[in-house]
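Chain A is the first sequence line, chain B the second, and so forth, proteins listed ahead of strands; every chain is numbered from 1. All heavy atoms count here, side chains included; hydrogens, waters and symmetry mates do not.
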Amino acid sequence: MHFPTGVDTPTPDGAHPSALLLQGLNDEQSAAVTLPADHALILAGAGSGKTRVLTTRIAWLLQTGQVSPGGVLAVTFTNKAAKEMLTRLSGMLPVNVRGMWVGTFHGLCNRFLRAHWKLANLPQTFQILDIQDQLSAIKRLSKQFQVDEERFPPKQTMWFIAGCKEDGLRPKDVDVRDPDSRKKVELYELYEAQCQREGVVDFGELMLRSYELLRDNDPIREHYRRRFRHILIDEFQDTNKLQYAWIKQLAGPVAQDGGTVFAVGDDDQSIYAFRGARVGNMADFVREYQVQHQIKLEQNYRSFSNILDSANHLIDHNKNRLGKNLHTTQGAGEPVRIYESPTDFAEAQWMVEEMKQLLREGQNGDGTQGVAHRHEIAVLYRSNAQSRVIETALFNAAMPYRVYGGLRFFERAEIKHALAYLRLLENPWDDTSFMRVVNFPPRGIGARSIEQLQDAARALGCPLHDAVSTLTGKAGVNITAFVAKIDVLREQTQGQNLRQIIELLLDHSGLVEHYQSEREGADRIENLTELVNAAESFVTQEGFGRDAVAMPVNGEMINPDTGETLSPLAAFLTHAALESGDNQAQAGQDAVQLMTVHASKGLEFDCVFITGMEEGLFPHENSMNDYDGLEEERRLMYVAITRARRRLYLSHSQTRMLHGQTRYNIKSRFFDELPEHALKWITPARSAFADTHASPHNAWQQPTWFNNDWQTKASAPTPVLQRAPTTSGPNAWVRSGVQVFHTKFGEGTVIGLEGVGDDARAQVNFPRHGMKWLALSVAKLRQV
DNA sequence: AATGTTAGAGTTTTT
DNA sequence: CTCTAACATT
């Protein structure tokens, strides 16, 4: 299959085909698409048609003959975005998508490392560790080297290692100041050695090793620099240090013959600093590449102007911005509605009633008021824990809903078990997989046997698999039988197709049998069946053009760069590791959408509820003490607001149940940062706190609506907050302004007190750990 | 090996 | 409060 590109063919209506591509674009979009082949930065506001510009740019470059598919590298963060780009692209042009490198950072790095596994010093069958695998690998290592898990929790070690890799640092590059960090670096070193021995890489390693190969291998680097004439990056504001460095390797230094970089992003929507994203990469890029073309896409096609005004007004309170203002030709639309409730429960109740009303109006089809479908209603919250009370209310009202997040398909235990078997077929040295299934289903290999094996492997400095033959006694017999079983399976699966391989495995591993005897195993078996289907559809349609190395040829895949082959099984395992799958496909039921604000990025809905707009929650208490943290919270709020097309609700609650304790929250400072003219305060007048205890239902059943003035509300705090906390017990002496010592946080100053009796809490500012709320009945405080 | 108990932690997350 | 992992018991 070959399509000529860059050859203009006349269209039926006589228009030039590249002009056709530009149809319907506004001036800025069009300018961005048709920029000359120079480095460029596109500042694309929310809802400004970012993806469209990106894909049309590629289509335009191809159609005007400036580049062939092989010369294009387009990189995104999520598989969803990559898929979207390819779908749209093939809708615009009859282009051979296979030759293009379009994918996620990790997907492309994987493709690169599969092609150059030898140079990258990896086994051809290297496996990819996800977070769970990584953690269990580190736990294993900590046990083996008798690391004190109190002082060095495996999770922390994991974050440390991931953080180093995001910054492009190997153990030798890490600054060692104190004994603790020396130990961490040591663990990083041991972890690296273990991964190398076992032939596995984690997500960070995919990036780092690709980067290093490009950096250190001149012919490889030059090859790819010559090849990729156009490098396009989506969500550039979310790139970390290493990802930017990787891009620089591919693009080469400025003003040399490397490709051009077309970066698209929005600094106002940078919400992933906590996982290493550096907004600063945008400014660095402009400086380092002397970017001459910067285009702002500020026309918003999504929301009415009350919503956009709110977003603009809010984000204007951030100091560190490149600067951008969204505008629309649509009218003001409805006001942004703000609601205050006495309890989180009442907040959820009110929300459900409001939804019912909206859906009723939508059914009647009377104009812009209602919403026709439940899936056009989204509930956003700052943290996952908030979903429970909302779910309860929705459930009680029999309102179908869907919660985003949680376990994805390939992360389920039973699926991971099956995949572990498959991985052992490919790479028997993968100890993480070995450990996962050596005794699952149970086959009499207990802790003692495994210890024996681990001791032997450590003595020999080899993976578990290679140490099995040295074992004696019962342990030796059982484990040898296990390894033999895997070996037989490997034999039997030769020449089988992927479906047959998995079916054989499910049968011979005893997984299905095991779950059959389990009380609640039916779901798991269903999922295992689904795994067969997933493999089937992967082979028949999905995948081969994307993260897999190459095209299927006679059932095998040939890497166009090296001629190496990759089996369908290997490709499927890669697919499973890099695309953890949808979290739940929930059978097409039209349902209200529940998700965190983070998860909502990139989505849009007719109607959006942003809930829990309270100090300590949103902005979150862990982020609001340093300036950068607060700015990121504000960007998060900006993202949340700009999800709404027509109607936006912001709600907060005076009290909220968190970690089993009632918290008294004041409303979010973000309310102060919204334009009064766009708001409508719809809190019932009698939503006094006292109602909470009497009857939480009355507050919303017959509300009296009124437009409230923000200033008046702000100056009249709820009575509870003013009530002087009375405390008994060991911490009764705690008063505002007092210096205290906490065993974990060190010295701090008491800022305020609230609550009564067992609920009494002190807000304490710890210079080293920030602001904390401490329950006086629990916290061990000492007066300084 | 299965089942029961307890301690501890609990922003945000894709690959 | 609620979930999980580690530990303890049968």
Over all heavy atoms of both residues, which pair between A:Arg443 and A:Val438 is shortest? Give the atoms and the distance, please.
NH1-O, 2.9 Å
What residues form a side-chain contact (heavy atoms from CB on, under 4.5 Å) with A:Gln194, not counting sequence neighbours?
A:Ala137, A:Arg140, A:Leu141, A:Arg197, A:Glu198
Can you find a side chain N or O atom of A:Arg408 that sits less than 4.0 Å from OP1 or OP2 on B:dT13?
no
Counting N and O atoms only, with roles assigned by atom type, does the side chain of A:Ser668 sit under 3.5 Å from a partner on the main chain of A:Phe671, one being a donor and the other an acceptor?
no
How does protein reach along nucleotides 5-10 of chain C, written 5' to 3' as B (base within reach of a heavy atom under 4.0 Å), S (only sugar-phosphate), or - (no contact)?
-S----
Rounded to whole Å, please give me the gap between CG in A:Asp344 and P in C:dC1.
13 Å
Could you tell me whether A:Phe105 contacts a base, only the sugar-phosphate backbone, or nothing, with contacts defined as non-hydrogen atoms closer than 4.0 Å?
nothing
Which nucleotide in B:dT15, B:dT11, B:dT13 has an atom nearest any side-chain atom of A:His659:
B:dT11
Rounded off to whole Å, could you give me the CD-to-P distance for the A:Glu621 and B:dG10 pair?
12 Å
Phosphate OP1/OP2 of B:dT15 contacted by A:Asn79 side-chain N/O (<4.0 Å)
yes
Taking NZ from A:Lys155 and C1' from B:dA9, how many angstroms apart are they, rounded to a whole number?
9 Å
Atom-to-atom span, CZ of A:Phe410 to C1' of B:dT14 - whole angstrom:
16 Å
B:dG10 phosphate, OP1 or OP2, under 4.0 Å from A:Asn622 side-chain N/O:
no
Give a yes or no on whether the backbone of A:Ile415 and the side-chain of A:Asn527 come within a donor-acceptor separation of less than 3.5 Å.
no
A:His620 has its side chain closest, among B:dT11, B:dA1, B:dT13, to B:dT11
Atom-pair distance (CG on A:Leu242; P on B:dT15), nearest Å:
17 Å
Where the side chain of A:Thr596 is defined as all heavy atoms beyond and including C-beta, which of B:dT14, B:dT11, B:dT12 is the nearest nucleotide?
B:dT12
Rounded to whole Å, the CG-P distance (A:Leu636 to B:dT12) equals 11 Å
Heavy atoms, side chains only, cut-off 4.5 Å: are A:Asp133 and A:Asp130 in contact?
yes
Ranking B:dT12, B:dA1, B:dT15 by distance to the side chain of A:Asn439, first place goes to B:dA1
Starting the side chain at C-beta, find the nucleotide from B:dA1, B:dT14, B:dT11 nearest to A:Thr78.
B:dT14
How many Å lie between CD on A:Gln386 and C1' on C:dT2, as a whole number?
16 Å
Is A:Leu636 close to A:Phe618 at the side-chain level, that is, under 4.5 Å between some pair of heavy atoms?
yes
With the side chain of A:Ala599 defined as its heavy atoms from C-beta on, choose the nearest nucleotide among C:dC1, B:dT13, B:dT12.
B:dT13
OP1 or OP2 of B:dT13 sitting under 4.0 Å from any side-chain N/O of A:Asn384?
yes
Euclidean distance, atom CG of residue A:Asp238 to atom C1' of B:dT12 [Å, nearest integer]
12 Å
Specify the residue among A:Phe203 and A:Ala385 whose closest nucleotide of DNA chain B lies further upstream toward the 5′ end.
A:Ala385
From C-beta outward on A:Ile131, which listed nucleotide comes closest to its side chain: C:dC3, B:dT11, B:dT14?
B:dT14
Expected output: side-chain A:Glu411 to main-chain A:Arg408 donor-acceptor under 3.5 Å:
yes
Measure centre to centre between the rings of A:Tyr404 and A:His598, then say whether the value is under 6.0 Å.
no
Measure the shortest side-chain to side-chain distance between A:Pro123 and A:Trp117 over non-hydrogen atoms and say whether it is less than 4.5 angstrom.
no
Taking for each residue the nucleotide of DNA chain B with the nearest heavy atom, is it A:Glu633 or A:Gly444 whose nucleotide lies nearer the 5' end?
A:Gly444
Is there aromatic stacking of A:Phe274 against B:dT12, centre distance under 5.5 Å, plane angle under 30°?
yes
Work out how far the P atom of B:dT13 is from that of C:dT4, and round it to whole angstrom.
16 Å
